[in-house]
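Because the structure is a prediction, the values reported are computed rather than measured.
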Amino acid sequence: MTQEKSQRKEFLEVVSVLQWVLSFLFLGLACIILMVYLMFTSLWPLPTLYFIWLVTDWQTPERGGRRTTFVRKWRMWEHFRDYFPIKLVKTAELNPNKNYILGCHPHGIMSLGAFACFSTESCGFTEVFPGLRPTLAILAGLFRIPLFRDYIMSAGLCPVSKPSLAHLLFKSGKGNAVVIVIGGAAESLASSPGVDTVVVKQRKGFVRMALEFGADLVPVYSFGENELFQQVIFSDGSLGRRLQDLFKKIVGFAPCLFVGGHLAFIPYRSPITTVVGSPISVPKCATPTEEQVDHYHRLYMEGLCKLFHEHKVSCGLSESQKLRII
């Protein structure tokens with residue numbers, strides 16, 4: 001009986017991860033195809049009414065979105081968490097009377113650690129950090145996809161655009177923790193097992209936003225994120241890398257060639273430990289100077305390095321493992 005239960009649990013975990021991977025890769029495209037198809041059937045009034053409503057709802061993603069506790073607490077996310085498993089680690093208190101920008105690293109192929117910890121309640125963020133409201137900020141273009149936008153908003157995701165961040169850090173009161181995967185598409189191209197590379201040296205926009213709204217900066221590192229897939233890494237200047245860079249420039253994300261465990265595109269069962277570091281106090285300055293931005297950007301990179309080296313051994317890495325910042 002115990003073995004049967006264990007097999008059932010394992011099956012539910014695989015199915016939960018499979019649905020998320022398929023959603024990540026294909027749900028947006030499927031929503032577009034469905035809406036276009038329905039326009040040419042007898043059900044055409046449904047997409048027509050939806051698009052009329054969409055016009056009136058167009059600004060909602062940049063006004064805090066439309067999260068639902070029901071979706072964030074789906075039992076499916078607990079199976080998703082247990083597949084790897086994923087764990088959230090707190091290293092310092094975060095005052096709920098302040099706002100924060102959490103810079104999450106590395107991006108990996110799909111940012112599974114960031115999604116589980118900040119867009120679901122499976123890892124217990126609200127219990128670990130009482131009074132804080134996490135919001136994972138992602139590509140703004142995804143919120144222009146019909147139906148798909150409503151699904152991702154229900155999980156508490158918002159666009160990583162200035163109007164969206166301004167709303168969360170200024171108009172939504174205190175206790176907001178905006179999570180940004182700083183390295184983005186460029187960092188995903190460096191994702192590979194055994195490699196810890198983050199793209200942050202030239203990424204300063206998040207620091208400027210923190211200064212403008214007086215939000216403290218918090219480095220976050222998801223140990224194990226790069227171990228989930230084997231990726232084909234194209235060398236700089238090669239045709240493959242040039243095509244990836246061109247696609248990234250046009251669309252906003254990079255197409256990665258990767259392989260995992262089950263069915264090739266399901267990630268390996270490798271643990272992810274997302275460690276939330278200590279806050280870096282940032283003053284409010286409506287028009288920050290370049291010197292101020294550089295100063296707090298340097299403090300952030302130092303905080304990220306410190307976080308990595310303090311927790312790498314307890315999270316399964318060797319003492320000699322280095323963090324490469326580019």
Side-chain angles (χ1 to χ4, degrees), residues 6 9-10 13-14 16-18 20-21 24 77-92 102-125 127-129 134 136 179-184 187-200 218-233 256 258-262 264-278 300-326:
S6 176
K9 169 66 174 170
E10 184 173 318
E13 289 173 3
V14 172
S16 298
V17 173
L18 175 61
W20 193 88
V21 171
F24 183 94
W77 302 133
E78 296 179 13
H79 298 305
F80 177 87
R81 172 202 64 200
D82 294 342
Y83 173 88
F84 299 94
I86 300 172
K87 181 170 68 172
L88 178 67
V89 174
K90 171 184 179 179
T91 64
L102 277 63
C104 192
H105 312 266
H107 184 285
I109 299 294
M110 298 184 184
S111 298
L112 288 97
F115 176 82
C117 290
F118 306 116
S119 289
T120 81
E121 296 298 331
S122 63
C123 295
F125 183 92
E127 287 77 29
V128 176
F129 297 101
L136 181 59
V179 184
I180 304 174
V181 185
I182 305 297
E187 203 168 82
S188 69
L189 294 177
S191 174
S192 183
V195 174
D196 287 282
T197 299
V198 297
V199 179
V200 68
V218 182
V220 178
Y221 202 88
S222 284
F223 292 92
E225 186 72 47
N226 285 344
E227 310 301 316
L228 304 179
F229 297 97
Q230 295 280 350
Q231 182 181 187
V232 177
I233 304 292
C256 301
F258 61 88
V259 63
H262 298 285
F265 55 86
I266 297 183
Y268 296 112
R269 282 184 181 268
S270 181
I272 303 172
T273 305
T274 299
V275 184
V276 180
S278 301
Y300 177 84
M301 289 193 294
E302 290 172 356
L304 178 62
C305 285
K306 183 172 181 284
L307 178 72
F308 177 84
H309 290 297
E310 284 184 350
H311 295 273
K312 62 183 180 182
V313 174
S314 63
C315 293
L317 300 182
S318 66
E319 183 65 48
S320 62
Q321 185 71 14
K322 303 296 183 183
L323 177 65
R324 181 173 174 239
I325 299 180
I326 59 176

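Heavy-atom contacts from other residues, nucleotides or ligands closer than 6.0 Å to NZ of K87 number 12 or fewer. With a 6.0 Å radius and a threshold of 12 heavy atoms from other residues, nucleotides or ligands, K322 has its NZ atom at or below the threshold.
Between the CG atom of L136 and the SG atom of C117 there is a distance of 10.5 Å, given to the nearest 0.5 Å. Note: C305 SG to E310 CD = 11.5 Å, rounded to the nearest 0.5 Å. Considering OG of S188 and CZ of F229, their distance stands at 12.0 Å, rounded to 0.5 Å. The CG atom of L112 lies 4.5 Å from the CZ atom of F84; values are rounded to the nearest 0.5 Å. Here the CD atom belonging to E225 is positioned 10.0 Å from the CD atom belonging to E187, to the nearest 0.5 angstrom. Atom CE of M110 and atom CZ of F115 lie 12.5 Å apart (nearest 0.5 Å).
At least one donor-acceptor pair closer than 3.5 Å links the side chain of K312 to the backbone N or O of E319. Looking at E227, its side chain does come within 3.5 Å of a backbone N or O of G194 through a donor-acceptor pair.
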*Mind running side-chain contact (heavy atoms from CB on, under 4.5 Å) on V276 and V128 for me, showing each step along the way?*
CA-CA 11 Å; V276 180; V128 176; over 6 Å; no
*asked:* Show, in sequence, the C-alpha distance, side-chain angles and deciding distance for E121 and W77, and conclude whether the side-chain contact (heavy atoms from CB on, under 4.5 Å) test is met.
replied: CA-CA 8 Å; E121 296 298 331; W77 302 133; over 6 Å; no
*Decide side-chain contact (heavy atoms from CB on, under 4.5 Å) for F80 and I86; before the verdict, give the C-alpha distance in whole Å, the side-chain angles of both, and the deciding distance to 0.1 Å.*
CA-CA 9 Å; F80 177 87; I86 300 172; 4.0 Å; yes
_side-chain contact (heavy atoms from CB on, under 4.5 Å) evaluation trace for L189 with H107_ = CA-CA 9 Å; L189 294 177; H107 184 285; over 6 Å; no
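Contact between S122 and A116 at its shortest, heavy atoms only, is OG-O, 3.5 Å. Nearest heavy-atom pair across D82 and R269 is O-NH1, 4.4 Å. Between G103 and I182 the shortest heavy-atom distance is CA-CG1, 3.8 Å. In plain terms, the two heavy atoms of G108 and N226 that are nearest each other are CA-OD1, 3.5 Å. Closest of all the heavy-atom pairs between V195 and A190 is CG1-O, 3.9 Å. Scanning all heavy atoms of the two residues, the minimum distance from T91 to S278 falls at OG1-N, 3.7 Å.
Considering D196, T273, T274 in turn, D196 is the only one that fulfils the side-chain hydrogen bond (donor to acceptor under 3.5 Å, both in side chains) rule with Y221.
K9 has a carboxylate O that lies under 4.0 Å from a charged side-chain N of E13, or vice versa, which qualifies the two as a salt bridge.
Taking the six-membered ring where the residue is Trp, H105 and Y300 present tilted rings, their angle falling between 30° and 60°. Ring geometry for F125 against F129 counts as tilted: the plane angle lies between 30° and 60°, on a 0 to 90° scale.
V179 is not listed as a side-chain neighbour of V220, based on a closest heavy-atom distance of 4.5 Å or more. Under the 4.5 Å side-chain criterion, counting only non-hydrogen atoms from C-beta, L228 is in contact with I272. By the 4.5 Å heavy-atom criterion applied to side chains, S191 and P106 are not counted as neighbours.
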